[in-house]
Amino acid sequence: MAQAVAWHQQGRADLALPVYRQALAQHPENGDLHDLLGSALHALGQPAQALSYFDTALRLNPHGKGYRLHRGLANQALGRLAEAEADYLAATADAPADDAPWINLCALYNAVNNMEAALHAGRTAIERNPQSDGAWNNYGHTLYKLGDFVAAEAALRRATAVNPASADAWHNLAEAIRAQGRGAESEPLYQRALALNPRLKAGWINLGNYYAQSGRSIEARHAYRQAIAIDPDYPEASINLAGLLVDCGEEDEAVALLRDLRTQGKATADHLAILAFAMRTQDRLDEAVSLLREIGEPSTHTAVEAWAQLALARKELLPEAIGHVREWLRRYGPTAPHNHRVAMHITLGQLLDRAGRYREAFAAAQTGKTLKGERSDPAAEQTLASVIERAFTAQRLRRSPFGLLEESRPVFIVGMPRSGTSLLEQMLSSHPAVHGAGEVEEMGRIVEELGGGDYALWPRRAALLDEHSLATLARRYLHIVTADAGSALRVTDKMPHNFVRLGLIALLFPRARVIHIRRDPRDTCLSIFLHHFVGHHPYANHLEDLAHHYLFYQRLMAHWRKVLPLPLLEVSYEDLTAAPEAEVHRILDFLELPWDPAVLQFYANRRAVLTSSRFQVREPIHRRAAGRWQQYARELAPLSAILAKAGC
């Protein structure tokens, strides 16, 4: 028995099980043996069989140590949550000083989104045992779900300090850090969690989510497929894989995957919702609507978002989609995960905007943005601008060392987000000599690495790089941006915030070209405010922050106009939409490319557009978005005042 218990504690319940059975045959009235056998069965993934042994153990000894706690775990695994809660609460009475029942109560309340009860249970577990990694881990996860990512990080760091071997704690810490926009810092934490427990499904899925968010689609696919290999019936992995395929423009593969699951009877409502969205991207709107009606009343965030996307394409569906979002917020919003609540309020704002209900639209978006909670630091942005100006002077940018002196293919399309970068790249990528690479994350990763944890340090370090380092970084970036470029003469990168990095770009590629697209600042900021950004965009959530971020952008662009040696072309979004042929002629001349009429039929270009503008760039050019801010003049007054004071 001593050896069997040791095996059990070492995770080899399969070796312990026959010993327990033999002992129980000799001592059928021993409650501890029933409890041990039940625990072994539960560890082997057989909670239903385990439950009968726990019931017998409690019948034999109603106050046996740990019996109720163990039965609670089996009940929870079987989805019998009320019974599990009753067992855990009874366990707290049996052992008032024990932290374990409170840890499990915290996890249970998290699972049912009873966040107030989860917080209480987590705090109580910590009071019972401040050195319990499980207590700190579950409490930190609760704070994460509530959107308090900073406090969550602090709690989870306590958990990993108490028990560095806890894969769950490292995984949850990675989630809290990534939610604060520190993606590069989170990656090794996910990997550490998976090294400790390679079968941690949530770890593979969330590492995949990080890779997908970073544009590393090959690594994301691998991570999702790892989760599927661990548990082929785990829906979240296949849902995320299908969503990634759609986002990568591989709708056919996504549809095939989802249809196979449907044929096998394994498709959930979320699978069908992703399938409907994939059909939306293929312009199969009638089929997509029929599929969503088949689901019935949407109860999940994914299904409601699919309805919203269809309604944004078909105005007659707007009343129905608005009703679905409002009903979801009423029924599920109060207990839903923080990021889902944020997204749903902003989605409601987009639907109301499309319906012409502008005041309601702004209020809905503002609720979501306020709920997101992130704020930028305008003073820090201005400090960064000063650091960049001092590091990248005209003198430094015009003298060696440089990276790749002969490389002339890269074209950087910069500007504020939502300023027309996607439209411009879609037009240019319709030219046979241009490859549109989309929003390439690599320059941002290079800058993050140069900062080494302090973002304000990267400009000075970049300006001091030697020729070998610059050439190495240039080749690294080029390897990614030209992977599918073939024989293209020009390769565009439309990452808007490369406007911050133009000094480094000039050192890496002294023969590159820059196209700066400008749009009315009020239209730009309004479009940002009504949009739900995935990832860390702290400037996008409050009008005052948006206005100051625009001034930061304006200051840097003024600096680059004075010092940048690269050819820089200014393009007005309003001019591009009003006189597209004349503007594109001018742009192609700048790129030294001949005229091609395909650039004006850009909406027929079926290349994958992997940004939020993917549907807009499939429409013929229009001017509906110009002057849109006037519908929101009263709501935008705080932003307009800051911009006007600065002369914008």
Side-chain angles (χ1 to χ4, degrees), residues 384-416 419 421 424-425 428 433-435 437 440 442-447 450-451 456-482 485 488-518 552-572 583 586-593:
L384 177 61
S386 297
V387 172
I388 289 171
E389 289 165 352
R390 287 196 297 272
F392 298 111
T393 61
Q395 182 183 12
R396 171 63 189 97
L397 295 178
R398 285 172 168 77
R399 62 172 170 79
S400 61
F402 297 112
L404 300 182
L405 287 166
E406 302 305 316
E407 182 54 66
S408 61
R409 285 176 292 175
V411 178
F412 294 88
I413 301 174
V414 302
M416 283 284 283
S419 63
T421 54
L424 179 54
E425 184 181 57
L428 291 177
V434 179
H435 170 68
V440 182
E442 189 62 20
M443 201 61 69
R445 281 195 283 271
I446 289 171
V447 160
L450 285 170
L457 294 178
W458 77 261
R460 184 169 180 273
R461 289 175 175 173
L464 294 173
L465 289 172
D466 60 25
E467 182 177 346
H468 173 74
S469 299
L470 289 168
T472 300
L473 290 175
R475 290 190 189 97
R476 170 180 148 184
Y477 170 85
L478 204 63
H479 175 73
I480 291 171
V481 80
T482 63
L489 298 177
R490 301 283 180 258
V491 180
T492 59
D493 175 352
K494 62 159 292 287
M495 178 59 73
H497 273 95
N498 275 335
F499 74 77
V500 179
R501 308 156 190 150
L502 287 177
L504 173 60
I505 287 167
L507 296 180
L508 296 176
F509 301 106
R511 293 189 61 199
R513 290 168 169 81
V514 179
I515 301 175
H516 171 218
I517 185 162
R518 305 185 314 273
F552 166 70
Y553 145 76
Q554 189 181 52
R555 174 178 173 178
L556 282 182
M557 288 311 305
H559 175 67
W560 300 131
R561 288 187 194 99
K562 287 188 290 186
V563 304
L564 200 69
L566 301 180
L568 189 155
L569 180 70
E570 303 277 356
V571 175
S572 159
E583 281 299 292
R586 191 169 70 91
I587 296 167
L588 292 178
D589 288 344
F590 172 73
L591 298 178
E592 298 180 351
L593 294 174

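Just so it is clear, the model here is predicted, and its values are computed rather than measured. Residue numbers start at 1 and run along the sequence shown.
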Run the numbers on Phe392 and Leu564 for side-chain contact (heavy atoms from CB on, under 4.5 Å), then give the verdict. CA-CA 9 Å; Phe392 298 111; Leu564 200 69; over 6 Å; no
Full working for side-chain contact (heavy atoms from CB on, under 4.5 Å) between Val440 and Met495: CA-CA 6 Å; Val440 182; Met495 178 59 73; 5.7 Å; no
Residue pair Thr393, Val563: steps toward the side-chain contact (heavy atoms from CB on, under 4.5 Å) verdict: CA-CA 6 Å; Thr393 61; Val563 304; 5.8 Å; no
Before you tell me yes or no, could you show the steps for Ser386 and Arg555 under side chain to side chain donor-acceptor pair (under 3.5 Å), namely the whole-Å CA-CA distance, both residues' side-chain angles and the distance that decides it to 0.1 Å? CA-CA 10 Å; Ser386 297; Arg555 174 178 173 178; 2.9 Å; yes
Glu570 and Arg518: CA distance, side-chain angles, deciding distance, salt bridge (charged side-chain N to carboxylate O under 4.0 Å, His left out) verdict: CA-CA 7 Å; Glu570 303 277 356; Arg518 305 185 314 273; 3.0 Å; yes
Full working for side-chain contact (heavy atoms from CB on, under 4.5 Å) between Leu384 and Glu389: CA-CA 9 Å; Leu384 177 61; Glu389 289 165 352; over 6 Å; no
After noting the C-alpha distance and the side-chain angles of Phe412 and His516, does the key distance pass the ring pair (Phe, Tyr, Trp, His ring centres under 6.0 Å) rule? CA-CA 8 Å; Phe412 294 88; His516 171 218; over 10 Å; no
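Side-chain contact between Leu568 and Met557 is present, with at least one heavy-atom pair separated by less than 4.5 Å. A heavy-atom distance below 4.5 Å is found between the side chains of Arg511 and Glu406. Counting heavy atoms from C-beta outward, Val414 and Val514 have side chains that approach closer than 4.5 Å. The side-chain heavy atoms of Leu405 and Phe509, taken from C-beta on, include no pair separated by under 4.5 Å. Residues Leu591 and Leu428 meet the side-chain proximity criterion, which asks for heavy atoms closer than 4.5 Å.
Here CG of Leu424 is found 5.0 Å from CD1 of Ile517. Values are rounded to the nearest 0.5 Å. Considering CG of Leu556 and CG of Leu502, their distance stands at 8.5 Å, rounded to 0.5 Å. Note that CD1 of Ile515 and NZ of Lys494 are 13.0 Å apart. Values are rounded to the nearest 0.5 Å.
Not a single donor-acceptor pair under 3.5 Å links the side chain of Gln395 to the backbone N or O of Leu397. Side-chain atoms of Thr482 do not come within 3.5 Å of backbone N or O of Ala485 as any donor-acceptor pair.
Nearest approach of Arg396 to Leu465, heavy atoms of both residues: NH2-O, 4.1 Å. Annotation for Trp560 and Gly503: closest pair CH2-N, 3.2 Å, computed over non-hydrogen atoms. Considering every non-hydrogen atom in both Leu404 and Ala474, the closest pair reads CG-CB, 3.6 Å. Heavy-atom minimum distance, Leu470 versus Leu508: O-CD2, 3.3 Å. Shortest non-hydrogen contact noted between Phe590 and Pro567 is CZ-O, 3.4 Å. Closest approach of Val411 to Arg490, counting heavy atoms only: CG2-CD, 3.8 Å.
Salt-bridge annotation for Arg513 and Glu592: present, with a side-chain N of the basic residue lying under 4.0 Å from a carboxylate O of the acidic one.
Applying the side chain to side chain donor-acceptor pair (under 3.5 Å) rule to pairs touching residues 456-477 yields Glu442-Arg476, Glu449-Arg476, Asp466-Ser469, Tyr477-Asp493, sequence neighbours excluded.
Under 3.5 Å, the side chains of Arg409 and Thr492 contain no donor-acceptor pair of N or O atoms.
Under the 6.0 Å cut-off for aromatic ring centres, His559 and Phe499 do not qualify, their centroids lying 6.0 Å or more apart.
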